[in-house]
There are 4 protein chains.
Amino acid sequence: MTRATHQAGAGPLRQKLFSVIFRSDTPAGMAFDVLLIAAILVSVTVVMLTTVEGVNSRHGRTLYLIEWVFTIAFTAEYVLRLYCVRRPAHYATSFFGIVDLLSILPTYLGLLFTGAGPMLVLRILRILRLFRVMHMANYVTDANILLEVLKSSWRKTLIFIYAVVTLVVIFATLMHFIEGPEAGFTSIPMSMYWGIVTLTTVGYGDITPLTPLGKFIATITMILGYGIIAVPMGIYFSEYTQATRRERSKATCKSCGQRGHETDARYCRTCGEELERD
Amino acid sequence: MTRATHQAGAGPLRQKLFSVIFRSDTPAGMAFDVLLIAAILVSVTVVMLTTVEGVNSRHGRTLYLIEWVFTIAFTAEYVLRLYCVRRPAHYATSFFGIVDLLSILPTYLGLLFTGAGPMLVLRILRILRLFRVMHMANYVTDANILLEVLKSSWRKTLIFIYAVVTLVVIFATLMHFIEGPEAGFTSIPMSMYWGIVTLTTVGYGDITPLTPLGKFIATITMILGYGIIAVPMGIYFSEYTQATRRERSKATCKSCGQRGHETDARYCRTCGEELERD
Amino acid sequence: MTRATHQAGAGPLRQKLFSVIFRSDTPAGMAFDVLLIAAILVSVTVVMLTTVEGVNSRHGRTLYLIEWVFTIAFTAEYVLRLYCVRRPAHYATSFFGIVDLLSILPTYLGLLFTGAGPMLVLRILRILRLFRVMHMANYVTDANILLEVLKSSWRKTLIFIYAVVTLVVIFATLMHFIEGPEAGFTSIPMSMYWGIVTLTTVGYGDITPLTPLGKFIATITMILGYGIIAVPMGIYFSEYTQATRRERSKATCKSCGQRGHETDARYCRTCGEELERD
Amino acid sequence: MTRATHQAGAGPLRQKLFSVIFRSDTPAGMAFDVLLIAAILVSVTVVMLTTVEGVNSRHGRTLYLIEWVFTIAFTAEYVLRLYCVRRPAHYATSFFGIVDLLSILPTYLGLLFTGAGPMLVLRILRILRLFRVMHMANYVTDANILLEVLKSSWRKTLIFIYAVVTLVVIFATLMHFIEGPEAGFTSIPMSMYWGIVTLTTVGYGDITPLTPLGKFIATITMILGYGIIAVPMGIYFSEYTQATRRERSKATCKSCGQRGHETDARYCRTCGEELERD
C-alpha cells in the first residue's frame, strides 16, 4: 500500500482539481472522498439488488436509472482524473486506473450487446475503489504494518499451508476408502472438500461420516484442525509485534538518541525534546 | 465506562439513600447491588419464560404476578434514585436513567393498550442494568483496558472489516454465477449470507455448493477465512498488551492531561512537560 | 494443582507401599503409575462399550467379567491406599479419595439393586483418576501456570461472559420476533440456543433464519462472534506470558542478582554462578 | 527437520549427479527441484482424478498412460539417487528413501495382481516427497522453529488434551442419558463424536440435541469449547516467541553443546562455561 505516486499536472485549474480528487488534506478533498465512498456503496448495493428477483421485477426500471446516474458520474470523475494528473497514461495503467475503468465500461457495453447480462456484474468490482480511502492520513501506516506482516511471514505460511494440504490429502484418501460413496465421499477430491470443511471448523454437514471408523478418523481431523489454527496465529502475531516495534523505532530522538516512540508521540519521553518525523 | 458522575442531593436521608443505591463501598450498598443483580436476573428469566408456549399456558398467571412484583419494586427504586440524586434531570436523561425507565414502562403501557404484546419484550433490556455492577471496585480498570483496546485499534479494525467485505462481495458474486439458484445462491445478497456463514467458520449448511467448481471456490473461501481470523487477534492482542502496560504506569501529564505514558517516560509525549510520579 | 499432602504411615511396609502407590520417584512407583493409567483407560473404555448396543448384546458377558476384574483390582488399591496413608480419614475425604470410592461403589451397588443401570455410568468418573499422573515431576509447574492464568483473569473473563450473554439475549429477542416459530425460533430461550450456536461459530444448522432481515441480523451476530473470540484469547495469552515470566523469575542468581532464568537453567547466564532452586 | 545427512559418492559423475539431485545451491540443482515439485503435483493430481468416476470412465486410458510416464521417471530418479549417494543402504532405509520407493512400487505391483486397486492409492503418499523442497535454504530455520515449539510444549499440550478428553467424556455421558437414541446419542462413543464435533466448533449438525435440557448442556459445551481454544494458542504462541528469540541468538556452548541461549547470555545455562560470540 504505497502512497499514491501520481502528481498534479500544470496550471492552477488542474492543480486545484488534483488536490480535490486525489488528495484529502483540504476540506474540499475530504468532502470529495466522503461523497465518493457514499456513491460507491450505493452503486454497489444497486448492482446487488438487480440480482434479487423480487426487487428487480418490481423496481428494475428505477435501478436501471440509478445505475446510469452513477455510471455518468463515475465517467465524469474518470475523465477529470485523466485531465488533472500529470501523466494520464501512467494513471490509466495503474491498478486503480484500471479499476476505475472497469467500474464504468460494463454499463456502456451493455448498450451494445444485449446478452451481456453476466458481464454487468463486473461493476461490482467498484467496491475495490473503496480502497482509495486508504490514502487518508494514518491509514497508510496501519495498512503498511499489515502488509509487512504478510510479507515477512510468507515462507512460514507456505510451510504451514503445505503441511495442511498434506494432512488433507492423506485424511481424504483414508475417508474415501473407509466411508465410500454412500456417505458422500465419492472421490478423493470430494473427500478433500470434506477435509477442508472439517479442518477449518466450518462443518456444513453436507458430507458426514456414517461408519464408526469414519467418525473416529473425522474426530482426529477435527482435533488436528483445532490445534493447527494456533500455528498461523502465532506466526502472524509474532511478526505483527515485531512490525509494530519497527514502525515505532523509526522515530529517533535527535537530542538523546532514545528510539521506539509511540506513533502519536511529538516529544521525546526521555529528554522532552521535540521529535522530527519524515 | 466512566465512573458514575451523579452526586448525592442535600440532606442526611438523601445522602444515606444515595450511598446505598448508587455506591457499593458500604456493606448496605454492596447488599443492595447483590439484591439488584438477583432481581434483574430473575425478572429477565420471567420475561423469557413468557415466550415459551408450554410454560406460559400453564404458569402464565404466576409469571404475570411475578412480573408485577418486579415492576413495582423497580418503580420504587427508580423513584428513589430520582429523589436522592442532586440533579434528577441529569440522571433521568443519562444512559442508565433511560434503561431504568424502559425496564418498567412497558408493563404499565401493557395495561393501557391490549395489543401491546410485542412491546412487552422491551423489558428484556433490563439485562443492560446488570452493567451497573461495573461501578464496583476493580472492574472499572479492567473494563477500561478492554475499551481502550477497542478505541486504539478501530482504524485497523476498519481496514480489516473492509477487506473482509470486499472478499465476501467478490466470492459471493462468483458463487452466484457458478452455482445459481438450485443450490440456494439465488441472488448476490443471498450469496453474501453464505459467504459470511462460511468465512466466519459458522457453516450452517443451509446453503452449500453442489458443483465441483463451486466446491473449489468454497474451499478457497474457507482457507482464507481460517487465515484471516488471525489478523484481528494479532491486532487486539498487541493493543491489549500495550494498554495493560500503560495502565500499570498511571502517570498523567499535569500540563495537558495526556494519560497512558510508558513506564520509563519522564516527559509527556504530547506537550514535552516533565512528568511527576507518585 | 497442589502437591499431594498425604504422608506415609508408620512402619517399613506402609512406607514402602506409600512410596509405590502415592509417589513416582522410584522405579516401582513409576511402574505402578503406568499400570494404573493403563487400567483406568481400559476400564473406562469397557464402561463406554457397554452402552454400544451391538457390542453389548454380543460381548456383554465378557465386558461384565472384565468390569469385575477391574472393580476388584481398584478395591484392593483403595484398601491399600487407606492402609498405608498416615491419616486414612483425611485421604478418604479428599477429592481423589472420593473419586477412588466412586470408581468402585457403583459395581457393588449394581448387585444389590437390579434397576441400577444408569447409576453404573458413574464408573466413567474413573477417568478423573487419570489426573493422579499430574503429581509426576514437571507437570506440576506447567499445570500451575495454566491454573494461575485462569485465576488472575477471572474478573476480565466475567466481564467478557457478561457482555456475550447480553449480546445473545438481545439478538435472540430480535430473532424471535423477526423469524418466529416457522424457522425454529419458537421462544426466546430457543433463540438463545441458536444465538450461542452461532456466536461460538459451531453452526449446527438445526435452526437457521429464513427471512432476508433474519439473515441480515444473523450475519451481524456471526461477525461479532468472529471478532469477540479475539478478546478472551488476548486476555489469556497476556496473563499466560506474565505467569511464565513470573515462574522464570523465581530463580534469582545469588551472586549477581540476575533474575528471569529459563526453567532448565542451572548456571547464571550473566556471571556463570551455579543457581540454587527451592 | 535435520539437514539431509547423505553424502556424495566417489567419482566426478556421481558428485555432479549428487549436487543436482540432492542439493539446490547450483542452478541445475534448483531447476531439478522445481521440476520435481511440478512432477509430484501433477502425478498426485492424476492419482486423485482416477477416483473421480466421471473423469476415470472417459479419460481412464490417458490417466493410466500419464501414470506410467511418471512411474518410469520416478524409478529412474530413484535408481540415480541410489547410484550417486555414498551409502545407498543408508538412503534406502531413510524416511525419504522409503517414501521414494512407495511412490513407484504400487504401479508395478498393480501389473502383477489384478485386484490391487485400493493399494494403488498408496501412490498418493508421493505428496510427502514435496517436503524435500524443505532442504532449500532458509526453510530449514523456519521449519526448525515450528518443530522446536511443538517439542518444548508437548507436556503442556498433553495436559490440555487430557483435560479436553475428560470434558468430552463427561459431557458425552450426560448427553447420552439426557437425549437418548432418538436424537442420535445412541451410545457414549457416539456422544463423544458429537462432543468433539461441538467442542471444536465444527458443528456438522448430523447429531443435535432435541430436549431443552440437552440444548442447555450443549450450550455449556460450546462456550467451554470457545474458551478452551485460547489455551493451546497461548501456549504455542508463547513458546514460538521464545523459540524465535533463541533462534536469533545462535550461540552454541563450546563446552557442552547447549544451543538456544538468550541474546544477553554470557555464560552457558547448562554448564556455566563462558560463551563465545561471532
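Chain letters run A, B, ... following the sequence lines, proteins first, then strands; residues in each count from 1. Values reported hereafter were calculated over all heavy atoms of this structure, with side chains retained and with hydrogens, waters and symmetry mates removed. This one's a predicted model, so the numbers in the text were calculated from it and none came from an experiment.
Only the side chain of Thr173(D) comes within contact range of chain C, judged by heavy atoms closer than 4.5 Å. The contact between Leu199(C) and chain D is made entirely by backbone atoms, counting heavy-atom distances below 4.5 Å. Contacts between Met192(D) and chain C at a heavy-atom distance below 4.5 Å involve the side chain alone, from C-beta outward. Heavy atoms of Val164(C) lying under 4.5 Å from chain D are absent altogether.
Considering Thr51(C), Thr45(C), Val55(C) as possible partners of Pro189(D), the one that fulfils the side chain to side chain contact (heavy atoms under 4.5 Å, CB included) test is Thr51(C).
Side chains of Val52(C) and Met190(D) form no contact here, defined as non-hydrogen atoms less than 4.5 Å apart. Looking at Val197(C) and Thr219(D), their side chains never come closer than 4.5 Å, going by heavy atoms from C-beta outward. Between Leu130(C) and Thr166(D), the closest side-chain pair of non-hydrogen atoms is not below 4.5 Å.
Under the side-chain hydrogen bond (donor to acceptor under 3.5 Å, both in side chains) criterion, Tyr204(C) pairs with Trp194(D), Thr198(D), not counting sequence neighbours.
Of the listed residues Val165(D), Val169(D), Asp206(D), the one with more heavy-atom pairs under 4.5 angstrom with chain C than any other is Val169(D). Among the candidates Gly203(D), Ala218(D), Pro181(D), Ala163(D), the residue making the largest number of heavy-atom pairs closer than 4.5 Å to chain C is Gly203(D).
Annotation: the span from Ile196(C) atom CD1 to Thr221(D) atom OG1 amounts to 11.0 Å, rounded to 0.5 Å. Taking CG of Leu49(C) as the reference point, atom CD1 of Ile188(D) lies at 9.5 Å (rounded to 0.5 Å).
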Listed pairs under 3.5 Å, donor-acceptor, residues 207-217 of chain D side chains, sequence neighbours left out:
{"residue": "Thr211(D)", "atom": "OG1", "partner": "Glu179(D)", "partner atom": "OE2", "Å": "2.7"}
{"residue": "Thr211(D)", "atom": "OG1", "partner": "Gly214(D)", "partner atom": "N", "Å": "3.1"}

